Structure formats: C-alpha cells, structure tokens
Amino acid sequence: DTGVSQDPRHKITKRGQNVTFRCDPISEHNRLYWYRQTLGQGPEFLTYFQNEAQLEKSRLLSDRFSAERPKGSFSTLEIQRTEQGDSAMYLCASSLGGTNQPQHFGDGTRLSIL
Amino acid sequence: LAKTTQPISMDSYEGQEVNITCSHNNIATNDYITWYQQFPSQGPRFIIQGYKTKVTNEVASLFIPADRKSSTLSLPRVSLSDTAVYYCLVGLIQKLVFGTGTRLLVSP
C-alpha cells in the first residue's frame with residue numbers, strides 16, 4: 001500500500017492560466033474523490049468517480065473545472081482560466097467500493113494564483 | 001446531510017486522555033460516524049468509524065450513545081504529535097462533509 005499520490009505538491013501560476021493536477025489512488029481502490037480545502041476550513045467535496053464513471057459533481061465545480069479518470073486508475077483535475085479564488089489545497093482520496101469503506105487521502109496539491 | 005457541532009479548540013498535556021465530543025442531532029438511520037485527523041500541509045487521515053455503541057482500534061476509541069445524537073472520540077495518553085485538527089463527520093462515507101473541526105493542542 002503506497003498510499004494516494006498527488007502531483008505536483010505545489011503549483012504557482014498566473015491568473016488566467018490553465019493548470020492540471022494528477023492523482024494516483026491506492027491501486028485496488030475503484031472510487032476516487034476530489035476535494036478543495038482553503039485555509040482554516042475543512043475539505044469541501046468536488047466530485048467522485050467509481051472506476052471511470054464520474055458519479056457526482058458538487059456545485060462548487062464550475063464549468064472551468066473538469067475531472068477525468070479515463071482508465072479507472074489515475075485521475076486528473078484541470079482548472080481553466082484560473083482565478084484568485086481558486087487558490088487552495090486540492091485533495092484527492094480513494095476508497096474501495098462497498099458501503100462505508102473509509103476514504104484515504106493524499107497530501108494534496110497546493111495551488112497559488114498570482 | 002447531518003450537521004455536526006464540535007468544539008473549535010481544545011488544549012491538553014502529554015500523557016492525558018483527550019475526549020472530543022461531537023453533536024449530530026439530525027443523524028439519519030443509515031449514517032455512520034467517522035473521525036479524521038489532519039496535520040498542517042497534509043491530507044486528512046482516517047482515525048475511526050462507528051455506527052453505535054463503542055469501537056476501538058489501535059489509536060482511538062469511539063463512544064456512541066444509544067440515541068446516536070452525539071459521539072465522543074477518545075485519544076488515550078496523547079503526545080505532542082497528536083496536535084492536529086480532528087474532524088467529526090456524519091453521513092455516508094462516500095459523501096463526506098467536513099466542518100471546521102477541533103484544533104487540539106498538546107503541550108509538554
């Protein structure tokens with residue numbers, strides 16, 4: 001069990017640029033989740049996948065955000081035309097299927113918008 | 001989704017037992033209670049999960065009364081490394097809703 005891996009750990013970009021983050025879940029986990037966390041707040045759910053199917057999306061996920069999990073393994077989260085308000089920690093988690101299997105989180109990608 | 005209420009912060013000393021209570025008056029029949037721990041610049045780490053009565057693992061115990069409207073996370077003999085934010089979550093594990101958590105500070 002190598003844990004959930006996220007890349008990069010830090011990303012600094014200028015407003016208006018596009019950014020893409022990658023998440024590699026624990027290998028046997030078929031569920032994958034994305035969260036966003038701002039300073040002093042708990043993580044906020046963005047979206048989740050079961051295998052390659054995106055089953056749920058939060059209203060926080062504006063049309064500038066897109067997430068994919070093309071082969072049911074790793075996932076990418078892209079933010080287009082970044083804005084100052086996108087500065088946050090983006091967390092990925094994965095879990096086994098089935099009822100109430102705990103989510104295991106990576107250490108996130110910290111995005112800073114200049 | 002059930003809303004949770006937990007203290008904003010708690011202070012303790014090394015070696016003491018720490019109990020963090022979470023209120024969740026609107027918990028639904030199918031909801032589980034899950035606790036996570038988070039250190040700065042790291043993702044949350046799963047601690048323990050329960051449905052009713054008592055659950056114990058190698059790091060913590062979770063006490064849930066019969067009405068399930070509250071729960072208490074118990075950390076035995078805390079150390080400095082237990083300084084972190086602790087989140088109580090109620091609901092289906094697939095739909096985690098985090099509050100602002102309890103910031104635990106353990107002092108020497």
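Just so you know, these numbers come straight off a predicted model, no measurement behind them. Numbers restart at 1 for each chain; the letters A, B, ... are given by sequence-line order, proteins then strands.
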* Treat each ILVMFWY residue as a node, draw an edge where side-chain heavy atoms are under 4.5 Å apart, and state whether B:W35 and B:V106 are in one component. => yes
* To do: Go through the atoms of A:E44 and report whether side chain, backbone, both or neither lie under 4.5 Å from a heavy atom of chain B.
  => neither
* **Over 12 non-hydrogen atoms of neighbours within 6.0 angstrom of CG in A:L114** => yes
* Asked: Would one find more than 12 heavy atoms of other residues, nucleotides or ligands at under 6.0 Å from atom CD1 of A:I12?
  -> no
* Any link between B:L104 and B:I47 through a network of hydrophobic side chains (Ile, Leu, Val, Met, Phe, Trp, Tyr) touching at under 4.5 Å? -> yes
* Which residues in residues 8-18 of chain B have any heavy atom lying under 4.5 Å from a heavy atom of chain A? -> none
* **Cluster link A:F65 to A:V19, ILVMFWY, side chain under 4.5 Å** => yes
* **Contacting moiety of A:Q37, where chain B heavy atoms sit under 4.5 Å** => side chain
* Side-chain contact test, heavy atoms from C-beta onward, threshold under 4.5 Å: evaluate it for B:Y87 versus A:P43 and give yes or no. => yes
* Asked: CZ of A:R9: more than 12 outside heavy atoms within 6.0 angstrom?
  -> yes
* Asked: Side-chain heavy atoms under 4.5 angstrom apart, residues restricted to Ile, Leu, Val, Met, Phe, Trp, Tyr: same cluster for A:Y48 and A:L77?
  -> no
* To do: Please answer: with hydrophobic residues joined when any side-chain heavy atoms are less than 4.5 Å apart, are A:Y90 and A:F49 in the same cluster?
  => yes
* Find the distance between CG (A:L91) and CD (B:Q42) and round it off to the nearest 0.5 Å. => 11.0 Å
